[in-house]
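Nothing here was measured: the structure is a model prediction, and the numbers come from that model. First the proteins, then the strands, lettered A, B, ... as listed; each starts at 1.
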Amino acid sequence: MVKVVVCGAAGGIGQPLSLLLKQSDLITDLALFDVVNAPGVAADLSHINTKSRVTGHGKDDMDAALKGAHTVVIPAGVPRKPGMTRDDLFKINAGIIRDLAEGVAKNCPGAYVLVISNPVNSTVPIVAEVLKKHGVFNPKKVFGISTLDVVRSSRFVSEVNSTVDPKATRVTVVGGHSGVTIVPLLSQIPGVVDGLSKEQLDALVYRIQYGGDEVVKAKDGAGSATLSMAYAGARFTLTLLEAVVAGKTGLVESSYVNLDADVESTAAFKAKHGVDYFALDVEFGKDGVKHILPLPNVSAYEQTLLDAAYPELKTNIAKGVSFITGA
Amino acid sequence: MVKVVICGAAGGIGQPLSLLLKQSEHISHLALFDVVNAPGVAADLSHINTRSTVTGHGKESMDEALQNAHTVVIPAGVPRKPGMTRDDLFKINAGIVRDLSEGIARNCPGAFVLVISNPVNSTVPIVCEVLKQHNVFDPRRVFGISTLDVVRSSRFVYELDNSIDPKSTRVTVIGGHSGVTIVPVLSHIPRQNFTKDQLDLLTHRIQYGGDEVVKAKDGAGSATLSMAYAGARFTSAILEATVAGRTGLIESTYINLHADAEGTAAFRAKTHLDYFAQDVEFGREGVSKILPLPELSAYEQTLLDAAVPELKINITKGTTFITEASKI
């Protein structure tokens, strides 16, 4: 049995995300948890003609929702409105994530935990600290989903260079999941950066970093990216399941992780930059993170982006950690 | 690769439907039209790393949305609340579907039109009558999407007998798309041996699957995600046949029987129905063939006998909404 739980399943991301996961052959049980509306969403999805069983769980049913979970995906929380940064969401979303992490520690301490709720740079440390408190933290199993930055990179690059196939071209995106902490390594894609002027490169990188703002603005108060986030979230979740359930090897995705998931590969990096969390290319194995791939040789341009990312990330990480430890 | 338009793209069905279609390899341009919020949904979807372009069109931009469309999918309209039948939606949704049909007649008269808006039994005739008025009606190109009944049939049958694979077992569903007009032909499922009680239960659950979700959502809406899934499945089949030229694809769908006038002559003479859901084989032009009615069990014949008069009423309601108005 592979039980996957979606926390926040009745929300703007949760619903389309759950629809995409309902189509996977790797999931036997899909449990939808939310403070309201989960049973209705579950009834809807349960009519789809794939084999998985769908259950809906309300506010007072969190334990039943999480019991025996193999994987927990968390899109729960509030989205941004125009003018807000992801950090502005912290006040509300930090508490939500903490409570869900407590539930995970109690009911499914061995589960993979995939965090979508913003600000990811801080909410992933919150999850980790709660699990540490309960003595059940496994850094190989906790991930911040930064896949939408990768998806945007592939798409936006193909818009400035039509020879690039957006679907087949994977872009490594390192750092974090907000504004200046998002560092797309475009130099790694053959033939792309050379054809661009400095202005064009700046514009491309800016667009990737602030793609989320682009959608918040276009939705004009009606929300933030939901459908593209569901797409990215499903892509990441299913890639992980391909590795840990179906045993497929060699799968790589950029993901925001605690660097102790691969101490050997990251010790020097950690010491040099003073960050415990960082998005890097991760190779999956049957137990989650198998390898964290080293930072490739970046261009001088990308080095300036990284230099701007580290201090901001440190602040975000400390905010998340101290929310739990009080330190 | 072609232009596909979603009318009602920012709604409960429209958004997840558009998400699924954004992933289609046959679509070069996905145009999202809705009275509000379409540009925001378009910006969201446009970030997905598949090749298609996405544009969003508001109320004043319908013509631009529909220009040169190859296919138009219509989930627009209001959903049911607990206690309502699909027919109760008629007052509001009939006008919406009529206006969209006018837009199609003007901007993309040759498009394939796929109708989701309820009550489908009546809204499909509305589309056809408007297109007829403009002399652009091709019965092979207008479809009512009843696929969710097929999807529910496959799933519910699997829940009762898990030796039946829900994904690969297609169930023919004939008649219409509401309550007693839904006639699932369960007798043709290979190796099935349901008891009379099980057939009653299954049939009722398939016929009122929509109500089951409306009730569970308790005022928050009707089936959206499963409808998006079914709508995308049907749309993809149409595109596979009409764009990629794939042959042999079959889906149950609610259509005007003049799509195959000769093949349905006897049926129409007997039942006096111009519209009916049957298994249809697709070709480049849309409907290639309407498959003959399968041999029904005695039980299914009684279901059909109950469906026909109800369907007649639904069809007339849709047809006269257009033909009577034009006489004023």
Among the listed options A:G223, A:A218, A:P166, the residue most often paired with chain B at heavy-atom distances under 4.5 Å: A:P166
So, the side chain of A:S255 versus the backbone of A:V282: is there a donor-acceptor pair under 3.5 Å, distance only? no
For A:S158, is it the side chain, the backbone, both or neither that has a heavy atom under 4.5 Å from a heavy atom of chain B? neither
Distance-minimising heavy-atom pair for B:I189 and B:Q192: O-CG, 3.1 Å
Ignoring hydrogens and angles, tell me if any N or O in the side chain of A:K167 forms a donor-acceptor pair with the backbone of B:Q23 under 3.5 Å. no
What is the minimum heavy-atom distance between B:S222 and A:D44, and which atoms define it? O-OD2, 4.3 Å
Test item: B:T50 side-chain N/O and B:K22 main-chain N/O as donor-acceptor pair under 3.5 Å: yes
Considering only heavy atoms, which portion of B:R170 lies under 4.5 Å from any heavy atom of chain A: side chain, backbone, both, or neither? neither
Is it the side chain or the backbone of B:K215 that comes within 4.5 Å of chain A heavy atoms, both, or neither? neither
If one checks every heavy atom of B:S18 against chain A at 4.5 Å, the contacting part turns out to be neither
When A:A43, A:A232, A:S228 are compared by non-hydrogen pairs under 4.5 Å with chain B, the top option: A:S228
Using non-hydrogen atoms and a 4.5 Å limit, figure out which bit of A:D25 sits close to chain B: side chain, backbone, both or neither. side chain
By a 4.5 Å heavy-atom criterion (distance strictly below it), what part of A:Q23 contacts chain B: side chain, backbone, both, or neither? both
A:A10 backbone acceptor or donor facing A:Q15 side chain under 3.5 Å: yes
Which answer fits A:S153, side chain, backbone, both or neither, if we ask what part of it has an atom under 4.5 Å from a heavy atom of chain B? neither
All heavy atoms of A:A230 vs all of A:L17, minimum pair found to be CB-N, 3.5 Å
Need one label for A:R170: side chain, backbone, both or neither, based on atoms under 4.5 Å from any heavy atom in chain B. neither
Are A:L32 and A:T55 side-chain neighbours, meaning at least one heavy-atom pair lies under 4.5 Å? no
Chain A contact via B:A223 - which portion, at a heavy-atom distance below 4.5 Å: both
So, the part of B:D218 with a heavy atom under 4.5 Å from chain A: the answer is neither
Do you know which of A:V41, A:T169, A:V150, A:D165 has the most heavy-atom pairs with chain B at a distance under 4.5 angstrom? A:D165
Please look at A:V171 and chain B and tell me whether the side chain, the backbone, both or neither of the residue comes under 4.5 angstrom of a heavy atom of that chain. neither
